[in-house]
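Chain identifiers are assigned alphabetically (A, B, ...) following the order of the sequence lines, protein sequences preceding nucleic acid strands; residue numbering begins at 1 within each chain. All of these numbers come straight from a predicted model, not from anything done at the bench.
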Amino acid sequence: MKESYFPQQIEKKWQKIWEETGAFKTPDNSEKPKYFALSMFPYPSGKLHMGHVRNYTITDVIARFKKANGYNVLHPMGWDSFGLPAENAAMKHGADPETWTDENIKYMTKQLKMLGLSYDWDREVTTCKPDYYKWTQWLFLQLYKKGLAYKKEAAVNWCDNCATVLANEQVIDGKCWRCDGIVEKKYLSQWFLKITDYAEVLLKDLDKLPGWGDNVKTMQANWIGKSQGAIFKFKVKEIEGLEVPVYTTRPDTVYGITYLVVAPEYKDIEKLTTAENKKAVEEYRANARKMSEIERLSTERIKTGVPLGTHCINPFNGEEFPLWTADYALVEYGTGAVMAVPAHDTRDYDFAQKYKLPLKVVIQNPEKPSDCKDEAYTDSGILVNSNEFNGMKNEEAKKVIIEKSVKEGFGEFKTQYRLRDWLISRQRYWGAPIPVVYCDKCGIVPVDEKDLPVRLPKDVDFSVVGKSPITTSKSFLDTVCPHCGGPAKRETDTMDTFMCSSWYYMRYSDAKNNKKPFDRDLVNKWLPVDQYVGGIEHAILHLLYSRFFTKALKDLELLDFDEPFKNLLTQGMVLKDGAKMSKSKGNTVDPDEIFENYGADTARLFILSDSPPARDFDWSDAGVEGCYKFLNRVWRLVATNAENIDLNASINGKTFSKENDNLIRTVHMAIKGITNDISNDFQFNTVISKYRELTNAIYDWQSKKSQLSDEDKTVLSFAIVALLKLMSPVAVHLTEEAWHELGASTSIHDEPWLAWDENLAKLSSITLVVQVNGKVKDKIEVDEGLSQDEMKNIALNSPKIKELTTGKEIVKIIVVPKKLVNIVIKP
RNA sequence: GGGCAUGUGGUGGAAUGGUAGACACGCUAGUCUUAGGAACUAGUGCUAACGCGUGGGAGUUCGAGUCUCUUCAUGCCCACCA
């Protein structure tokens, strides 16, 4: 065995052998229990970045660990390959998006293979291929038939740069999530999925996910945004028969209303405006329309509004108050109208201050009454000025006040969600065409299932501006109506790529099926995903959509489970010098260079070593170097001892010298510690520190031996075999090469994981810690298995302790078995 | 403004309520080398020392990095959602 470590040669060699022998193929049928380990599949942008390396290494180590522990592991990979960058590249370089995407996939596949990942490539899924998007389209049709996909005219988020609409989830601070362009509101007829039908169950079932982090769950819960309250209807004084309904979560403050606000886009606003106020209201509304989302959402912006001239009547007490329009009321939430209670709501307070509107106190803190002149009182308290409800606690009043409104016919209980329906149309080329046609006679008609897929046309002009390139195709647009056979036009919108990624993990269970998206038995066998690993940036978008899809497909009886991902690990970002790696900052590290200079095993080891997976990881060149040196150290340890190592040596049933016994104990402790660290939240950073501890221990042991006896060789063999096996999920190539150099003929990756002996996984002696008043004052080496009294005596007889306790009154003595004695004295 | 995280040496980070700083990076000496950015050995929280030390302040406990309250700072997510 060569004493020098040449990762590049070793890695290429084994990658080839593994591929040729089909080492990572996953059979559908196996006696073993299943385990589905999944990384979020990448967008084929061109090259892997370190975030990918981290993500896939984490999942790969999990997959290999589970495989060694007796599971039939499904560990697939695929490509989220529809999307705008391909189209932009096409526009820039004149390349076909398909060619551009294919080339990227080819290159990135090569990189993934160089990383030594244990994927079953037979199950590869590529969302832009017709054999995949056919089924995305098919699923759309099933949702359409079930009434979960619909088209409607709506104010949508429009990004001019990308010339397409965006889902609410894709608008960040009023800007486009992709290009940072300013998002405007436009009225367009668009396709939506009815995710709001599932709002309640999507919220409630978060409780079924103990394997998800609370941060992700609260983010989803906040996004769904459930609130409970009431709708009250207010009669308009000037107009017979017209009512303005409002949604409120504070029905207890209903006696404190002093005005009412409707959104500028409110449907009845023109009717509610008097002739004198018409001009001012029109101006205000025109201005609101022009404002971008960013300006409008700005918190710092001072609230503005204008009166409409009309009034409403409070049905609870007959009071009259004016109607205003102001853009702090949102047309798309609740009813688009708000009852304003300046005394008990900070926004209403600010507005009332500005326009000198009155305020009326109806909730009081009995300990600290306030007239609310200086600020709104928004905490709980006792009702005042509220007729029969005076003296009630406001939390109790909420219910009875709504009950009164229900009984008298002007109100109802109402649960409201902030979640909106999912807008899935995109006016872009590189996506799955929405499979419907428009017929003059029959209207919207779904494409016949047997005619799927609706293929993307090739005869398109990518240089067009301001509209989708797909509309330039001559072959695509005209078709016949599947219903009446008459002439019809195809839908030119394509689907949001998040549709494609909402079900890809199901396709892995039956990737080659050309009869259906997946076989029901196979999807039920492999899913849900046992461990999903990916970035926190998908906490809302992808993960919420996927949960919705799973529930909808269950209702369509295509599968039998209701949550797609049992356990979720959200990995932290990869940083360099404390900042996120990005091309614009110029602080990226190219994985290819790392593979070339140090090898994949070093990259894998390092990316797991410094931080726990959920935390951000700071890339350092010195750290890479350190990992490379460590692998060299391991290699040298094995190589210099190759002649002394017998893979078949057994320590069972033998007794050993003290120092050999100690090395055996160290190995058992390492097996136990590493197994527990992986099982417990995948703490790979401590796993790797235990590799180092074990390696150091073997070197130490060896440095005390000038010559090895047969017993020594047996113990050394035991330790080295354990070290290699424990390291095999991480340093996949090095351990395989060493394993074979030591004479094995089968793969180390087919060896079972190691078991430890609880009696050996601890030190033979213990350190007795002696404290006085909780402070450590002495440490004494003692045998294990002392009685509590013996421990106490040893502690009290220690010279250091005697010195401290002489002449002092001992109040009590605490003894923790096998650990410590704490002597409490009076000071 | 709301929610969720996170605060431990020069740095990344370890610590079932029981020896704080495992394991590394870095640094300082030294050995071996023509040389070393290789390898190995020793040291490395602060303090001259008594001692002091897990962002600050309180509390529970025989004992707190860990539990409770409070406060500050940083990061992320949401944000005029009535």
Quick tally for nucleotides 10-26 of chain B: nucleotides whose base has a protein heavy atom under 4.0 Å get B, sugar-phosphate-only ones S, the rest -, giving --SSSSB-BBS-BSSS-

For atom [atom1], what is the distance between [N] and [M], given to the nearest Å?
N: B:rC67; M: B:rU16; atom1: C1'; result: 14 Å
N: B:rU19; M: B:rG2; atom1: P; result: 39 Å
N: B:rA22; M: B:rG9; atom1: C1'; result: 14 Å

Hey, does the Lys NZ or Arg CZ of A:R54 hover above the aromatic six-ring of A:F617, less than 6.0 Å from the centre and inside 45° of the axis?
no

Ignoring hydrogens and geometry, is there a side-chain-to-backbone donor-acceptor pair from A:Y699 to A:R633 under 3.5 Å?
yes

Verify, without hydrogens or angle tests, whether A:D778 (side chain) and A:Q771 (backbone) share a donor-acceptor contact under 3.5 angstrom.
no

Please tell me which of A:Y699 and A:M219 maps to the more 5' nucleotide of RNA chain B, matching each residue to the nucleotide holding its nearest heavy atom.
A:Y699

Applying side chain to side chain contact (heavy atoms under 4.5 Å, CB included) between A:I224 and each of A:I195, A:L203, A:T196, A:I540, report the one that passes.
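When A:I195, A:L203, A:T196, A:I540 are each tested with A:I224, the side chain to side chain contact (heavy atoms under 4.5 Å, CB included) holds only for A:L203.
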
Geometric class of the A:W635/A:Y5 ring pair [parallel <30°, tilted 30-60°, perpendicular >60°]
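It falls in the tilted class, 30° to 60°.
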
In this structure, how many angstroms lie between the P atom of B:rG3 and the CD1 atom of A:I224, rounded?
18 Å

NZ/NE/NH1/NH2 to OD/OE distance under 4.0 Å, A:D677 and A:K690
yes

With both distances under 3.5 angstrom, what nucleotide forms a Watson-Crick or G-U wobble pair with B:rU16?
none

For B:rC67, which nucleotide is its Watson-Crick or G-U wobble mate, given both distances must be under 3.5 Å?
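By the stated definition (distances under 3.5 Å), B:rG59 pairs with B:rC67.
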
Could a donor-acceptor pair under 3.5 angstrom be found where the side chain of A:K303 meets the base of B:rC80?
yes

Could you classify B:rG9 for me, syn or anti, using a glycosidic angle within 90° of 0 as syn?
syn

